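Comments concern the structure below.
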Amino acid sequence: MKHWVRLASYFYPASWRRRYAMEFNALLEEVDTNWKDVLDILNGALTMQFTSWNLKSIALAFAVTGAAIAAAFAFSIPSQYRSTSVMQITTAGSAQGDGRSDFTKHINKMEQEVLSRTSLERLIIGLGLYKSQRREKPMEDIVQDMRNHEISIKPIHEAGGNRQDTLAFSISTTYPDPKLAQAMNRELTSKFIEQNVVEARRGRDLRMGENLEVLDPASLPGRPFYPHVGWFAFMGLFAGLLAGLTVSYAMRWRITIVRRPAH
Amino acid sequence: MTDPTLLVLASLADGDKHGYAMMEDIQRFAGVRLGPGTLYGAITRLEERGWIRPVAAEDRRQPYTITALGRRHLEEQVNSLNAVVKAAQRRLKNA
């Protein structure tokens with residue numbers, strides 16, 4: 001216990017230790033110390049630190065600590081890579097009525113097939129995705145998670161691009177491995193093309209299905225999309241700064257109340 | 001009365017003492033055990049205010065003495081506490 005007590009006493013400010021360390025150590029040698037004393041000494045040391053530091057130093061120390069903890073936390077999270085591709089669909093003839101609405105319906109119809117359980121299950125098994133999760137969760141849940149969190153299909157509305165006969169949409173896939181994120185994306189673009197042909201053969205949406213092309217092939221992500229260490233560090237810095245200011249004001253208030261003479 | 005600064009002043013009122021002697025004395029007369037951190041927090045504050053000062057030490061243990069200013073502050077505190085105690089006693093009797 002003496003070891004812990006002595007260790008706790010090192011948290012006092014250097015100026016305080018220069019003045020009181022010798023007599024304080026003499027006291028610690030005489031007292032039967034326990035864990036309460038260790039906490040008492042730590043509390044005393046912290047109070048002295050806050051008394052000797054100015055507001056800026058305390059806030060800065062908390063902010064730097066917050067940023068370091070947040071950055072370390074960010075590094076501990078598995079990285080996620082995002083691959084993106086862009087496809088464009090064009091009508092064969094002139095669009096009639098609400099062309100964009102027809103496109104959206106057509107894409108939604110293809111999306112339903114491409115993101116169906118059977119289709120995604122085949123993709124998962126084919127590429128050997130989510131191996132560890134597959135041991136713990138049913139395939140249904142994995143497919144659902146993949147659909148909700150790892151795949152995103154969005155129409156692209158370009159500024160000034162108000163043509164009624166074309167519509168571009170992006171496909172994003174996210175995975176902890178950059179090459180597999182790209183492979184997932186490639187598979188999905190192929191499935192869209194296949195599905196477009198199937199729809200055309202069925203005799204539905206012939207006008208829509210004549211021209212579906214890949215504008216940008218699936219990208220190979222170089223840097224992780226999540227977690228963004230800089231963003232985490234900034235948030236940690238901000239949270240640390242707030243905590244530092246709060247603690248500093250609270251400690252100063254406490255010290256002022258305790259120190260105020262009673263007259 | 002559990003304010004460590006007052007307990008230290010009360011302990012030094014009847015003679016000079018070093019830290020350990022103060023701890024023992026306070027435990028004896030007030031039934032309060034001050035931890036080392038609390039005791040030295042109080043000693044630091046009292047010395048800064050000029051209410052106590054160190055005196056010549058024979059070994060590593062540093063004795064302290066109460067100053068005239070500290071004695072006056074203690075008297076004011078004790079008088080104030082006495083007034084509270086008397087008022088409380090009177091009210092308890094009349095209740």
Side-chain angles (χ1 to χ4, degrees), chain A residues 1-54 247-248 250-263, chain B residues 1-10 16-27 32-64 69-70 72-84:
Chain A
M1 191 55 62
K2 292 277 181 199
H3 169 74
W4 289 107
V5 165
R6 198 169 287 274
L7 196 71
S9 71
Y10 282 111
F11 285 92
Y12 277 94
S15 57
W16 188 92
R17 286 186 56 75
R18 272 196 296 278
R19 165 65 185 83
Y20 293 102
M22 196 170 76
E23 55 187 278
F24 191 61
N25 288 338
L27 169 72
L28 295 181
E29 280 167 21
E30 284 188 283
V31 178
D32 283 332
T33 46
N34 53 38
W35 278 110
K36 273 187 183 172
D37 290 329
V38 176
L39 293 178
D40 183 65
I41 292 166
L42 276 176
N43 182 44
L46 197 68
T47 307
M48 289 294 162
Q49 288 285 5
F50 279 106
T51 314
S52 63
W53 287 16
N54 60 28
V247 169
S248 174
M251 291 298 286
R252 262 154 207 270
W253 174 79
R254 202 184 123 201
I255 291 163
T256 311
I257 295 293
V258 172
R259 284 179 154 202
R260 186 180 294 154
H263 50 76
Chain B
M1 188 174 79
T2 55
D3 178 359
T5 53
L6 278 184
L7 291 172
V8 171
L9 285 177
D16 304 350
K17 289 180 192 72
H18 52 70
Y20 183 66
M22 281 186 236
M23 275 179 84
E24 294 277 288
D25 184 44
I26 290 166
Q27 185 146 29
V32 177
R33 183 187 181 275
L34 292 187
T38 307
L39 177 70
Y40 261 82
I43 288 174
T44 308
R45 290 194 293 272
L46 290 168
E47 198 187 346
E48 275 174 11
R49 289 199 170 276
W51 291 345
I52 64 169
R53 64 179 168 76
V55 289
E58 289 173 3
D59 49 28
R60 290 166 63 216
R61 298 181 300 180
Q62 176 62 62
Y64 287 88
L69 204 63
R72 200 160 64 232
H73 175 70
L74 180 64
E75 279 168 3
E76 283 170 5
Q77 291 297 302
V78 170
N79 289 339
S80 166
L81 281 169
N82 268 340
V84 174

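Everything numeric in this text was worked out from a predicted model, so none of it was measured. Throughout, a chain's letter reflects where its sequence line sits, starting with A, and its residues are numbered from 1.
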Please check if atom CG in Asp59(B) has more than 12 non-hydrogen atoms from other residues, nucleotides or ligands closer than 6.0 Å. yes

Modelled atom types, side-chain donor and acceptor of Tyr20(A) and Gln62(B), under 3.5 Å: no

Locate the shortest heavy-atom distance separating Gly19(B) from Leu27(A); write the atom from each residue and the value. C-CD1, 3.6 Å

On a heavy-atom basis, which atom in Tyr64(B) and which in Glu23(A) lie closest, and how many Å separate them? OH-OE1, 2.6 Å

Should we count NZ of Lys2(A) as having more than 12 external heavy atoms under 6.0 Å? yes

Search all heavy atoms of Asp40(A) against all heavy atoms of Pro36(B) and return the closest pair with its distance. OD2-N, 3.2 Å

Is there a side-chain contact between Arg19(A) and Glu47(B) in this structure, where contact means two heavy atoms from C-beta onward sitting under 4.5 Å apart? yes

Report the distance from atom CH2 of Trp16(A) to atom OH of Tyr40(B), rounding to the nearest 0.5 Å. 7.0 Å

Would you check if Glu24(B) and Glu30(A) make a side-chain contact, meaning some heavy-atom pair closer than 4.5 Å? no

Of the listed Val31(A), Ile41(A), Asp37(A), Val38(A), the one with the largest count of heavy-atom pairs under 4.5 Å with chain B is Asp37(A)

Which pair of heavy atoms, one from Arg60(B) and one from Asn25(A), lies closest together, and at what distance? NH2-CB, 3.7 Å

Kindly give the heavy-atom pair with the smallest separation between Gly41(B) and Met48(A), and that separation in Å. CA-CE, 3.7 Å

